[in-house]
Amino acid sequence: MSIQTPAQTAAASTPAHQDFIRQIVRDDLASGRHHAIHTRFPPEPNGYLHIGHAKAICLSFGIAREFGGWCNLRLDDTNPGRENPEFVAGIKEDVHWLGFDWHELRHASDYFEVFYRAALKLIGDGLAYVDDLSAEEMRAYRGTLTEPGRDSPWRERPVAENLDLFRRMRAGEFPDGSKTLRAKIDMAAGNINLRDPALYRIRKVTHQNTGDAWPIYPMYDIAHALSDAMEGITHSLCTLEFEDHRPLYDWCVDHVDLPGHPELWQSVVDAGLEARPAKPRQIEFSRLNLSYCITSKRKLAQLVAEHHVDGWDDPRMNTLRGLRRRGFTPAGLRLFVERVGVSKQNSVIDYSVLEGCIREDLDATAPRRMAVLDPLRLVIINLPEGHSETLRFANHPKDESFGTREVPFSRELWIEREDFAEVPPKGFHRLRPGGEVRLRGVGIVRCDEVVKDADGGVVALHCTLDPDSRQGLPGAERKVKGTLHWVSAPHAVATEVRLYERLFNVAAPESDEDGRDWLVHLNPEAKRVLKAWLEPAAADAAPEQRYQFERLGYFVADRVDHRAQAPVFNRIVTLRDTWARQAGH
RNA sequence: UGGGAGAUCGUCUAAUGGUAGGACAACAGACUCUGACUCUGUUUAUCUAGGUUCGAAUCCUAGUCUCCCAGCCA
């Protein structure tokens, strides 16, 4: 009996049959095919990460963690001009925020010399050639989905000529777009990716990392395959649309054969980077689609550029930064990804599943406070003028470790306007003329008088507090249907509250079935700004402190704008509200 | 009429020839100083048609539907 590696122990201790990818990983460990699991998350730094990336991040980083392996963060920077250091910083920050750390930070550009030498090897082996066709001509030669392509007139160039031409491409002798390096595979292949795909293009653009060192840049297929091989990635996880690319991925890995040709990657060793090339395996899973959300980088960027939102971190955006500013929690997002599962079926997850996960996390972790968003004055007429006392409240109804806080109480309170109805609908548990209700942590009040202005609008309620029902007294056991939250009017702290709803008012904003512009589905009500009242213990929150404002929902002190002297709270999500649903709102 | 992939409760997702299970949602009830949370219960599914088998979501045959691919993007 051999001693088990930590990875095998991890594989054996986790329950069998989770998702198909973890099954593959477990089998590879059990069979000894791999002794450690290496994954990577390879975003292109041309935009900020969004909710869809959360799944990829949790999968690749999570599997590495579960099986005692590691995951690299690799910036896929093979297309200069589109990519930008601002996004690199944002991506790193977002991955950390989600709760993951990488083994190594790498860039595809770390391997530019490797790719170049690999290309020379392929040319030398008669597996790649320099083509003079223009982009339009190449498209015409490629054929269609149902018709085979035709060989380029340059396909049979001698190896020596290809070598010379490619070296001169690298030397910068030719203008952009005038030549490409192509893999020589099969112009009649049913899989269009195999019809002599481009491997290198000429692009005389300054690169964020390599400056002007390179006038040519590798295409995704060769760069990604060889990057994975260079880093010893065992399981290269990606989304379904790359399924058609897997034969080309394997073609690159197998024909270049990095493990068998150390001279190809000497530059990486010289640079002091760890290099243990191996053969990676690509596995595809279905991407995360969420109703009411868009995950197109182009459209997300358009929302920002055209000022439909206030930036990449606008709380209405389903970017990770937007969700963060909105107050969503990393643990809630991780729970969401876990709950959604992994498979190869195309699917759309209902947005309410995400909300449910956030609520589940926040219910356990958010201290309680009271706030009133739409105030109505309630005067307790059997308390003396100027009466004031301090009450002690638990910060969490089910977890004593949250401790307690002091809440000022007085004769004049703010309650929620919608908690009073002069003519209550059927099933209404709240305050009505002559009716009784409990004030949270205080006692039972009866509404004696409804004070109105000249237009008949309700401006105040005069109530009597039953002294025997005060908290702690035996009379407090008395049952009443409703309990209301409140804030002491003289002690209340004014705050700005931002109420957020879904950014789009249709479930599938990206589908152009009706031929209309997706922007028409923008929900103009998605952001509403209110002036509201807080109990004092909520006002001095640190930025990003989350609370449950009782009976209203979960709120977060805005990461950017909140000040103790001028509080700003964002509504993360409402509480589940079976009354509103029943009342048909 | 090319190539690739996928079809299981409303939504996700298991079952790898042997009781179609779980989660979420919905509904009903209990509890409740948050109409929250929690708890209990209920409803609902194997794309179709044949076949193999004692036994099929699973294997075979034929079909249907959905998604992806014709960048010098990733």
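First the proteins, then the strands, lettered A, B, ... as listed; each starts at 1. Quick note: numbers below take in every heavy atom, side chains included, and nothing from hydrogens, waters or symmetry partners.
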**Message:** Checking side-chain polar atoms at under 3.5 Å, does A:Arg551 have a donor or acceptor matched by the opposite partner on A:His485?
**Reply:** yes
**Asked** Please give, in whole Å, the distance from B:A14 P to A:Glu338 CD?
**Response** 13 Å
**Which residues share a salt bridge (Lys or Arg N to Asp or Glu O under 4.0 Å) with A:Arg287, sequence neighbours left out** = A:Glu241
**Base versus backbone protein contacts along nucleotides 27-36 of chain B [heavy-atom cut-off under 4.0 Å; B, S, -]** = S-----BBBS
**Asked** Does A:Arg170 count as lying over the ring of A:Tyr116, i.e. NZ or CZ under 6.0 Å from the six-ring centre, within 45 degrees of the axis?
**Response** yes
**Message:** Between B:A25 and B:U19, how far apart are the two C1' atoms, rounded to whole Å?
**Reply:** 26 Å
**Message:** Output the rounded distance in Å from CG (A:Asn289) to C1' (B:G6).
**Reply:** 14 Å
**Request:** Take atom CZ of A:Arg339 and atom P of B:C12, then tell me their distance rounded to the nearest Å.
**Result:** 15 Å
**Message:** In this structure, how many angstroms lie between the P atom of B:G4 and the CD atom of A:Gln282, rounded?
**Reply:** 16 Å
**Request:** Grab the CD1-P distance between A:Ile349 and B:A23 for me, whole Å please.
**Result:** 17 Å
**Prompt:** Do A:Tyr200 and A:Phe115 have ring centres separated by under 6.0 Å?
**Reply:** no
**Request:** Look at A:Arg440 together with A:Glu550 and state whether they make a salt bridge at an N to O cut-off of under 4.0 Å.
**Result:** yes
**Fill in**
Classified by glycosidic angle (syn within 90° of 0, else anti), B:G4 comes out anti
**Request:** Using the P atom as the reference point in each nucleotide, state the distance between B:A49 and B:C65 in Å, no decimals.
**Result:** 16 Å
**Side-chain N,O (A:Ser352) to OP1/OP2 (B:A25) below 4.0 Å** = no
**Message:** For A:His224 together with A:Tyr220, are the ring centres under 6.0 Å from each other?
**Reply:** yes
**Request:** Strictly below 4.0 Å, heavy-atom distances to any atom of RNA chain B: list the hits from residues 48-59 of chain A, or just say none.
**Result:** none
**Message:** Rounding to an integer number of angstrom, what distance separates B:A56 and B:G17 when you compare their C1' atoms?
**Reply:** 7 Å
**Prompt:** Where each residue is assigned the nucleotide of RNA chain B containing its nearest heavy atom, which of A:Arg246 and A:Val340 is assigned the position nearer the 5′ end?
**Reply:** A:Arg246
**Message:** What is the distance, to the nearest angstrom, from the CD atom on A:Gln23 to the C1' atom on B:U13?
**Reply:** 12 Å
**Message:** Does the Lys NZ or Arg CZ of A:Arg502 fall within the cation-pi geometry relative to A:Tyr292 - under 6.0 Å from the ring centre and within 45° of the axis?
**Reply:** yes
**Asked** In whole Å, what is the span from the CG atom of A:Leu194 to the C1' atom of B:G2?
**Response** 13 Å
**Asked** P atom, B:G63 versus B:U46: distance in rounded Å?
**Response** 24 Å
**Complete:** Nucleotide by nucleotide, nucleotides 67-74 of chain B touches protein heavy atoms under 4.0 Å in the pattern (B base, S sugar-phosphate only, - none) SBBBSBBB
**Within the 6.0 Å centroid threshold, strictly below: A:Phe112 and A:Tyr217** = yes
**Asked** Quick one: which of A:Phe549, A:Phe555, A:Tyr554 gives a ring pair (Phe, Tyr, Trp, His ring centres under 6.0 Å) with A:Phe569?
**Response** A:Phe549
**Message:** Does either side chain, that of A:Glu231 or that of A:Asn72, offer a donor lying less than 3.5 Å from an acceptor on the other one?
**Reply:** yes
**Asked** If we take the C1' atom in both B:U43 and B:U11, what is their distance in whole Å?
**Response** 15 Å
**Prompt:** With a 3.5 Å cut-off and no angle check, do the side chains of A:Asp77 and A:Ser109 form a donor-acceptor pair?
**Reply:** yes
**Prompt:** Hey, is A:Lys179 close enough to A:Asp132 for a salt bridge, meaning N to O under 4.0 Å?
**Reply:** yes
**Asked** In whole angstrom, what separates A:Ile21's CD1 from B:A5's C1'?
**Response** 14 Å
**Prompt:** Which pairs with one or both residues in residues 144-153 of chain A pass salt bridge (charged side-chain N to carboxylate O under 4.0 Å, His left out), sequence neighbours excluded?
**Reply:** A:Asp151-A:Arg155
**Prompt:** Taking NZ, NE, NH1 and NH2 as the nitrogens, is one of them in A:Arg201 or A:Asp176 under 4.0 Å from a carboxylate oxygen of the other?
**Reply:** no
**Asked** Expressed in whole Å, how much space separates the C1' atoms belonging to B:C59 and B:C54?
**Response** 16 Å
**Request:** Using the P atom on both, measure B:G18 against B:G35 and round to a whole Å.
**Result:** 50 Å
**Message:** Can you see whether A:Glu136 engages A:Tyr141 through a side-chain donor-acceptor pair at a distance of less than 3.5 angstrom?
**Reply:** no
**Message:** With a 4.0 Å limit, can you tell me whether A:Gln345 has a side-chain N or O closer than that to the phosphate oxygens OP1/OP2 of B:A7?
**Reply:** yes
**Item:** Watson-Crick or G-U pairs under 3.5 Å in RNA chain B, rendered as dot-bracket with [ ] for crossing pairs and | for another strand
**Value:** .((((((..((((....[..)))).(((((.......)))))....(((((..]....))))))))))).....
**Message:** Please report the distance separating the C1' of B:U42 from the corresponding atom of B:A36, rounded so that it comes out in whole Å.
**Reply:** 23 Å
